[in-house]
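For reference, the structure discussed in these notes is given below.
To find a chain, count down the sequence lines: A is the first, B the second, and so on, and within it residues start at 1. Computed from a prediction, not measured in an experiment: that's the story for all the values here. What you see below is based on every heavy atom in this structure, not just the backbone, and it leaves out hydrogens, waters and symmetry mates.
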Amino acid sequence: MSDDDEFQADVLSVSERMAAEALIVDVDGFEGPLDLLLTLSRTQKVDLRKISVLALAEQYLAFVEKARHLRIELAADYLVMAAWLAFLKSRLLLPPDPTEEGPSGEELAAHLAFQLERLQAMRDVSARLMARDQKGRDFFVRGQVEVVERRKTISYTATLLDLMQGYARIRTRDEFRPFVMDRESVMTMEEALDRMRHLIGFAGEWTDIMSYMPEGWGNDPVRRRSATAANFAASLELAKAGAIEIRQGETFSPIQIRRKPND
Amino acid sequence: MTEEHDAVEQEESLFEAPPMGEQERMVEAILFASAEPVTVAELTARMPHGSDPAEALVHLRKRYEGRGVRVVRVGDAWAIRTAPDLGYLMQKETVETRKLSRAAIETLAIIAYHQPVTRAEIEEIRGVSVSRGTIDQLIEMEWIRFGRRRMSPGRPVTFVVTQGFLDHFGLESARDLPGLKELRAAGLLESRPPPAMGGEEDEDEDDEGQSELFEE
Amino acid sequence: MTEEHDAVEQEESLFEAPPMGEQERMVEAILFASAEPVTVAELTARMPHGSDPAEALVHLRKRYEGRGVRVVRVGDAWAIRTAPDLGYLMQKETVETRKLSRAAIETLAIIAYHQPVTRAEIEEIRGVSVSRGTIDQLIEMEWIRFGRRRMSPGRPVTFVVTQGFLDHFGLESARDLPGLKELRAAGLLESRPPPAMGGEEDEDEDDEGQSELFEE
């Protein structure tokens, strides 16, 4: 570390102080610690490969110190970088301790220098990229584009399975119909209720609920079951609404209903 | 306005105009990049003073003679256009494979199973009318064709499937099509036998009476 | 599908392909008609069977050397563009491109030079986090797109530049990026992990960034 003293002195030089102060004016102008470091490194006016990382660390720490002094809020990552650079500085200044683990100060410094050089390189090529001839600015595309007419030929296809299933679908339409017929054999409570509301007006006397079976529903067992259940449910609804009364003499004896007598 | 313009032009043309080859390049680039045909006046306005786009256009037009694109006059303006004989390149053929519609499949199936079959019979079996488009499509695909006329009142045409149909579906003949029982065994039908159709056998093609079974 | 296609192609190529002069005209017409670069594959698809658009392109490119428009290569596609020295004539056609932020430009450059590159790597290089908006903007401009996922823990997505990027900056391929060779020679495109604080050696990480750049 032969440069140490030299750069220690540099850090205190007036021009760098001035530069550091100038930087403080606009912390937001930097995109982060690395950006700031890159800017600071320019004050060394040397090839980035030959940069003194120690001097740079000093500059950075001085910058942060100054910012604190001026009560400028520094984002956490600036402070993290400051802490890291302080650590790096101590490693660079102290003679290497063979018992200590971890990378040497030189290794860390070399990596930081690499990062700075790489960032600078990317900035340089960004500029070169943007300076290239650009489409729509320097060179141009065809103004009168001819629409490529897409002629779509549609080829229809079907498999034997499609064919057979299609045929099966038609031929078994009657087999599907039971779903419709099932419904025909079902009397919903709403239907029963609708029907009974009309009929109940005439039921002044107790009548067997079975006598409310609609015509044609009594012979088919499926229909009879459905109609009976619907009628019974409808009766309960009507009783709940206070329209009728229900009675059953004993278990399994006929259920009778009648219109609720007017009080 | 014009006088003024002329005056400016004369003044400026004291500077040397670009060589004609350069002017030709300029016209070429402008015509290429413009969305609309460009008039000579506009070319003049855009090119360096002293340029003669009209002459440059003559050269350029000649240069593109017989090429894939041409310099053409559109009204009093100029444009670069595709050579007319290459217009066909501006089409892009794409083949899209689509599944045949359900109506077409059903119609085709009925024809295959019942051929020769009349349109009225197809409609009877399907329970809905068969659109002309469906029949046309199947004919166009060369999967069905007209068969003999039916010897019945009105002598209606019948439809039969074609060799192309058999080839496509890998069938030796339409008789190889699996019957209802086999379809059922293959799980293609609901296994529940319909009450009304208890003992039904596979149909013979010309069993006209059968269609009544399928009436709604 | 491909076999079928090949079979068809072989069959068809028994018919004579058009003379090369004609093929050149065809390529010329197709390229003139399109604002977007056209791939050789698409040219092949649109031209008569047996055509060799790649060869026709060589001729065509030569023909337009020094003209007002040029035949340029963009990745594996081709386009006709006006000669850049004539850009000043085209004020009318100039497209106002959205001003990119410094962050966006740098991010774009990093992706172009280090591709495929992960977001973490971009952040490592720039030393700051990359905002979503920046990536979104570049994707929206169709200058970058997602590449393959990196085979590393977390399988992070990578970013690569697009054909649109190459087209916009007049690059034949990502290899032609300005200064690429120098950067590589200087080792600045290597992904060099920071010295590990734990004392372990730098792992010999596969330098994917570099090796893959030239696969595309």
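Within 6.0 Å of atom NZ in B:Lys62, 12 or fewer heavy atoms from other residues, nucleotides or ligands are found, so the atom counts as exposed in its surroundings. Crowding of C:Glu142 atom CD: a count of heavy atoms from other residues, nucleotides or ligands under 6.0 Å not exceeding 12.
For a residue to count as touching a neighbouring chain, one of its non-hydrogen atoms must lie under 4.5 Å from one of that chain's; by this rule B:Leu86 touches chain C with the side chain only. Proximity to chain C (any heavy atom under 4.5 Å) is restricted, for B:Glu42, to the side chain, taken from C-beta onward. Only the side chain of B:Ile80 comes within less than 4.5 Å of a heavy atom of chain C; its backbone N, CA, C and O stay farther away.
Most heavy-atom pairs under 4.5 Å with chain C, from the set B:Met47, B:Glu22, B:Arg81, B:Arg63: that is B:Arg63. Counting heavy-atom pairs closer than 4.5 Å to chain C, the top residue among B:Gly66, B:Ala83, B:Gly87 is B:Gly66.
Contact check for B:Phe32 versus C:Met90: no side-chain heavy atoms found under the 4.5 Å cut-off. Residues B:Arg25 and C:Asp85 meet the side-chain proximity criterion, which asks for heavy atoms closer than 4.5 Å.
In this structure, the separation between CE on C:Met26 and OG1 on B:Thr82 is 13.0 Å, given to the nearest 0.5 Å. Going from atom CG of B:Leu60 over to atom CZ of C:Arg67 covers 6.5 Å, rounded to the nearest 0.5 Å.
A pairwise comparison of heavy atoms in C:Val69 and B:Ala29 identifies CG1-CA, 4.2 Å as the closest pair.
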